[in-house]
There are 2 protein chains.
Amino acid sequence: MMSQVLSEQALGVRAFAALLRAHASSTRRLNAQLSADHGLTISDYEVLLRLSRAPERRMRRVDLAEEVLLTASGITRLLDGLERSGLVDRGSCDGDRRVVYAVLTEAGRDKLRTASATHLVQVDELFSERLDEEELERVAELLGKLGDGDGADTACAPDD
Amino acid sequence: MMSQVLSEQALGVRAFAALLRAHASSTRRLNAQLSADHGLTISDYEVLLRLSRAPERRMRRVDLAEEVLLTASGITRLLDGLERSGLVDRGSCDGDRRVVYAVLTEAGRDKLRTASATHLVQVDELFSERLDEEELERVAELLGKLGDGDGADTACAPDD
DNA sequence: TCGCTACTATTGACTACGCAAGCAACTATA
DNA sequence: TATAGTTGCTTGCGTAGTCAATAGTAGCGA
């Protein structure tokens with residue numbers, strides 16, 4: 001009776017295994033490239049990117065955390081690093097003194113621009129190497145359904 | 001001219017972003033469940049699983065590392081934990097004294113069996129909740145192409 | 001047999017997170 | 001206003017994983 005259940009489960013379980021492998025393999029490669037070329041992790045990049053498209057290039061830390069799927073403490077530490085590198089600044093919020101904005105600096109914008117130039121090419125190389133256009137579209141769509149609830153905009157290039 | 005390049009890249013880049021979100025969201029949830037219910041991480045589970053299906057329920061550490069996409073040192077530390085918990089044992093290899101087998105113990109088999117009972121259900125719940133059968137098959141296939149080269153057998157249930 | 005290179009495994013130092021706990025500031029309720 | 005509950009952020013501590021360096025073993029060619 002267990003094996004009955006198991007065979008029904010095989011599909012989801014197989015999909016998960018494939019997800020684990022695809023993620024490990026692609027992030028290892030892209031993270032290595034991004035950090036060698038620019039000293040950034042993928043999460044760093046994602047944060048800079050979100051900030052660059054936010055109004056006034058700033059966001060509350062909670063919101064940022066939610067968008068890049070980190071916890072509150074994760075975002076604090078990540079931003080510590082970006083602040084030390086001068087890519088992000090802190091800004092206070094009139095009207096609610098609990099919140100501390102993360103604000104993209106000029107240096108941060110520059111960094112994002114130069115990092116994008118190589119990173120986006122590398123991402124696309126990796127994926128186009130293995131899937132054709134139709135497949136890429138489909139996999140993005142299906143993975144979107146597996147993401148956390150609100151399928152936020154997931155485009156990955158800075159606006160300008 | 002940059003924007004030209006960017007629009008061509010959008011597909012792979014979007015797929016990658018979706019992969020990151022889908023992975024973070026599903027592993028966080030499943031890891032939490034697996035560790036709450038059984039004190040195992042997903043990697044622990046994967047290792048126990050591979051061992052359970054290997055001849056004589058044992059594998060060289062290098063091979064294990066490659067299968068679960070960890071580095072050599074990563075496997076050493078992971079196995080340290082499983083050894084401390086008595087789920088895995090060390091075995092030496094006549095003929096090549098460099099290699100140390102990781103051997104699944106009886107306790108390890110039991111653990112894997114009981115963990116599977118809940119874990120597989122949870123994995124499947126998560127995925128079936130969001131994708132139908134045809135979609136699951138398709139996403140597993142596409143993700144398979146993104147995995148590291150040799151698309152090893154990725155089934156996720158113990159044999160017995 | 002001696003060295004040379006390749007491979008397996010481990011260790012130390014480090015990073016990137018997560019969780020739980022805590023503080024400070026806001027909101028609501030009375 | 002007091003009091004209670006909630007939210008935003010930070011901090012201490014623990015864990016999982018990486019990389020670089022090391023040691024032991026294997027196997028080869030001179």
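Chain letters run A, B, ... following the sequence lines, proteins first, then strands; residues in each count from 1.
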Does B:Asp110 have any side-chain hydrogen bond (donor to acceptor under 3.5 Å, both in side chains) partners at least two apart in sequence or in another chain, and if so, which? B:Arg113
Can you name the side-chain hydrogen bond (donor to acceptor under 3.5 Å, both in side chains) partners of A:Arg90, sequence neighbours left out? A:Glu83
Please report how far the helix from C:dT1-D:dA30 to C:dA30-D:dT1 bends, comparing the axis fitted to its first five pairs with the axis fitted to its last five, to the nearest 10 degrees. 10°
Give the rounded distance in Å between these two atoms: CG of B:Asp63 and P of C:dC7. 13 Å
Would you check if the side chain of A:Arg57 reaches a backbone N or O of A:Ser52 as a donor-acceptor pair within less than 3.5 Å? yes
Give the cluster check for B:Val88 versus B:Tyr101: same hydrophobic cluster or not, with ILVMFWY residues linked at side-chain heavy-atom distances below 4.5 Å. no
Specify the residues of residues 97-104 of chain B, ordered by number, for which at least one heavy atom lies under 4.0 angstrom from an atom of DNA chain D. B:Arg97, B:Arg98
Check the distance between C:dA9's P and B:Arg58's CZ and give it to me in whole angstrom. 12 Å
Flag the pair B:Glu135 and A:Lys145 as a salt bridge only when some basic side-chain nitrogen lies within less than 4.0 angstrom of an acidic carboxylate oxygen. yes
Of the candidate nucleotides C:dG18, C:dG12, C:dT10, which contains the atom at the shortest distance from the side chain of B:Thr76? C:dT10
I'd like to check the side-chain hydrogen bond (donor to acceptor under 3.5 Å, both in side chains) partners of B:Glu137; sequence neighbours left out, ordered by chain and number. none
How many angstroms lie between CG in B:Asp89 and OG1 in B:Thr105, if you round to the nearest 0.5 Å? 6.5 Å
Hey, does the side chain of B:Thr114 reach the backbone of B:Lys111 with a donor-acceptor pair shorter than 3.5 angstrom? yes
Determine all donor-acceptor pairs shorter than 3.5 Å in which one atom belongs to a side chain in residues 70-80 of chain A; sequence neighbours excluded.
{"residue": "A:Thr71", "atom": "OG1", "partner": "A:Ser73", "partner atom": "OG", "Å": "3.3"}
{"residue": "A:Thr71", "atom": "OG1", "partner": "A:Gly74", "partner atom": "N", "Å": "3.2"}
{"residue": "A:Thr76", "atom": "OG1", "partner": "A:Ala72", "partner atom": "O", "Å": "3.3"}

Rounded off to whole Å, could you give me the CG-to-P distance for the B:Leu78 and C:dA9 pair? 14 Å
Do A:Asp124 and B:Phe16 pass the side chain to side chain contact (heavy atoms under 4.5 Å, CB included) test, and can you show the C-alpha distance, the side-chain angles, and the key distance before you say yes or no? CA-CA 9 Å; A:Asp124 204 60; B:Phe16 181 53; over 6 Å; no
Short question: side chain of A:Arg109, backbone of A:Leu48 - any donor-acceptor pair under 3.5 Å? no
Going by number, which of residues 79-91 of chain B have a non-hydrogen atom under 4.0 Å from DNA chain C? B:Arg90
Quick one, which residues of residues 28-38 of chain A touch DNA chain D with a heavy atom under 4.0 Å? A:Arg28
If only side-chain N and O atoms of B:Arg60 are considered, is one of them under 4.0 Å from the OP1 or OP2 phosphate oxygen of C:dA9? no
Qualifying residues under side-chain hydrogen bond (donor to acceptor under 3.5 Å, both in side chains), relative to B:Arg58, sequence neighbours excluded: none
Once you apply a heavy-atom cut-off of 4.0 Å, does B:Gly74 come out as touching a base, just sugar-phosphate, or nothing? base
Would you kindly give the CG-to-C1' distance between A:Asp94 and C:dA25, to the nearest whole Å? 15 Å
Quick one about A:Asn31 and A:Thr27 (side-chain donor to acceptor, distance below 3.5 Å, no hydrogens or angles considered), yes or no? no
Going by the salt bridge (Lys or Arg N to Asp or Glu O under 4.0 Å) test, which pairs reach into residues 26-45 of chain A, not counting sequence neighbours? A:Arg29-A:Glu129
Outermost nucleotides of DNA chain D that come under 4.0 Å of a non-hydrogen atom of chain A: D:dT7 to D:dT18
Closer to the 5' end of DNA chain C via nearest nucleotide, is it B:Arg77 or A:Leu70? B:Arg77
Salt bridge or not for A:Glu46 and A:Arg50, using N-O below 4.0 Å? yes
5' priority, DNA chain D, between B:Ser43 and B:Asp96 [closest heavy atom]: B:Ser43
Ring pair (Phe, Tyr, Trp, His ring centres under 6.0 Å) against A:His23, all qualifying residues, sequence neighbours excluded: B:His23
